[in-house]
Protein chains: 2
Amino acid sequence: MSLAAARLDTTFAALADPTRRAIIVRLAQGPASVGELAQPFAMSQPAISRHLKVLETAGLISGGKDAQRRPRRLEAQPLAEATAFLEAFRAFWETRFTELDQVLEDLKAQTNEGDVP
Amino acid sequence: MSLAAARLDTTFAALADPTRRAIIVRLAQGPASVGELAQPFAMSQPAISRHLKVLETAGLISGGKDAQRRPRRLEAQPLAEATAFLEAFRAFWETRFTELDQVLEDLKAQTNEGDVP
DNA sequence: CAAATCCATAACCAGATCATTACATAATGA
DNA sequence: TCATTATGTAATGATCTGGTTATGGATTTG
């Protein structure tokens with residue numbers, strides 16, 4: 001498997017958890033400490049620390065140091081790569097949606113076939 | 001957790017495997033039978049069938065019927081939703097890359113400081 | 001210095017994941 | 001009908017995941 005593919009593995013795996021996605025969304029607005037990141041969740045602090053570890057291993061976040069705090073910041077590269085992978089399918093699904101629209105229109109036209117004008 | 005979030009869970013989890021991503025890439029070019037999908041991989045047929053089950057459970061593919069074949073086709077909706085999630089971060093990482101470019105430029109300018117003109 | 005704050009790590013457990021082999025079933029065709 | 005083709009399902013086992021509690025280290029503050 002290529003290196004880029006291995007990176008997509010860990011990136012998508014990291015994105016597959018709702019807690020981690022919420023953390024990412026939060027970090028998109030700026031760095032935050034572990035405590036701040038943990039606050040919205042009904043979950044122990046070690047659980048959050050482990051989610052952060054997963055995100056860090058995936059390269060999605062990086063950590064700084066500020067007194068006792070260990071503020072995390074979001075990293076751009078893996079998100080950009082995952083987006084690029086999915087963007088490659090845009091042509092595919094836009095076509096599909098257009099086809100579906102057509103089907104629905106045809107269906108509607110057919111339903112109205114016997115209507116008075 | 002919202003329904004949309006649950007869907008992103010299974011979609012991203014499905015995308016976290018290289019075999020499944022390759023299957024998706026293949027199916028973007030049109031439907032294919034299980035045998036055709038299995039052919040590129042050094043893996044047993046049941047293993048492929050299970051990957052297909054994962055993809056189907058995630059709603060990423062659907063199955064048809066043609067004699068003994070069970071051709072699969074790619075579905076648009078989950079891919080579109082995952083793309084939409086990641087697109088929301090585009091502004092973030094494009095800004096980050098611009099900042100990085102700036103850092104690199106500054107670094108270069110600084111390196112050339114003592115150069116003769 | 002002692003207490004409190006912030007966070008990481010270890011040990012543990014239940015359940016999910018991903019592969020294997022062996023077998024079953026459905027459709028085709030000689 | 002019988003062999004072949006195409007595919008799904010079951011049983012099994014190793015590893016990964018995601019949570020918990022317990023504990024320890026570093027830093028700030030009283």
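Note on naming: letters A, B, ... go to the chains in the order of the sequence lines (proteins, then strands), and numbering restarts at 1 for each one.
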*Over 60° means perpendicular and under 30° means parallel, so classify the ring planes of F12(B) and F85(B), tilted if in between.*
perpendicular
*Residues two or more places apart in sequence or in another chain: which of them pass ring-ring contact (aromatic ring centres under 6.0 Å, His included) with F41(A)?*
none
*Using the side chain to side chain donor-acceptor pair (under 3.5 Å) rule, collect all pairs that involve residues 61-74 of chain B, keeping only residues at least two apart or in two chains.*
S62(B)-E75(B)
_Flag side-chain contact, heavy atom, 4.5 Å: T83(A) against F89(B)_ = no
*Kindly calculate the angle separating the two end axes of the helix from dC1(C)-dG30(D) to dA30(C)-dT1(D), each obtained from five base pairs, and round it to 10 degrees.*
10°
*Assign a letter to each nucleotide of nucleotides 3-15 of chain D from its 5' end: B, base within under 4.0 Å of a protein heavy atom; S, sugar-phosphate only; -, no contact.*
--BSBBB------
*Contacts to DNA chain D from residues 9-17 of chain A, heavy-atom cutoff under 4.0 Å, which residues?*
D17(A)
*Taking I61(A) as the fixed residue, which of L37(A), V54(A), L27(A) is the one that meets the side-chain contact (heavy atoms from CB on, under 4.5 Å) rule?*
L27(A)
*Can you name the residues that form a side-chain hydrogen bond (donor to acceptor under 3.5 Å, both in side chains) with T95(A), not counting sequence neighbours?*
none
*For R21(A), check side-chain hydrogen bond (donor to acceptor under 3.5 Å, both in side chains) against everything at least two apart and list the hits.*
D9(B)
_Return the CG to CG distance between D17(A) and L55(A), rounded to the nearest 0.5 Å._
8.5 Å
*Does Q77(A) reach the side chain of W93(B), with side-chain heavy atoms less than 4.5 Å apart?*
no
*Under 3.5 Å, is there a donor-acceptor pair linking the side chains of Q45(A) and S49(A)?*
yes
*Tell me the side chain to side chain donor-acceptor pair (under 3.5 Å) pairs involving residues 51-60 of chain B, sequence neighbours left out?*
R20(B)-H51(B)
_Restricting to side-chain hydrogen bond (donor to acceptor under 3.5 Å, both in side chains), what partner residues turn up for E94(B), sequence neighbours left out?_
R90(B)
*At the 4.0 Å heavy-atom cut-off to chain A, mark where contacts on DNA chain C begin and end, going 5' to 3'.*
dT5(C) to dT9(C)
*Within-4.5 Å side-chain heavy-atom neighbours: T11(A) and L15(B)*: no
*asked:* Just so I know, are the side chains of L79(A) and L74(A) near enough to count as touching, which here means a heavy-atom distance under 4.5 Å?
replied: yes
*asked:* Suppose the criterion is side chain to side chain donor-acceptor pair (under 3.5 Å): which pairs have a residue in residues 27-43 of chain B, not counting sequence neighbours?
replied: none
_Base, sugar-phosphate or nothing for A47(A)? Non-hydrogen atoms, less than 4.0 Å._
base
*Would you jot down, in residue-number order, the residues of residues 22-32 of chain A having a non-hydrogen atom under 4.0 Å from DNA chain D?*
none
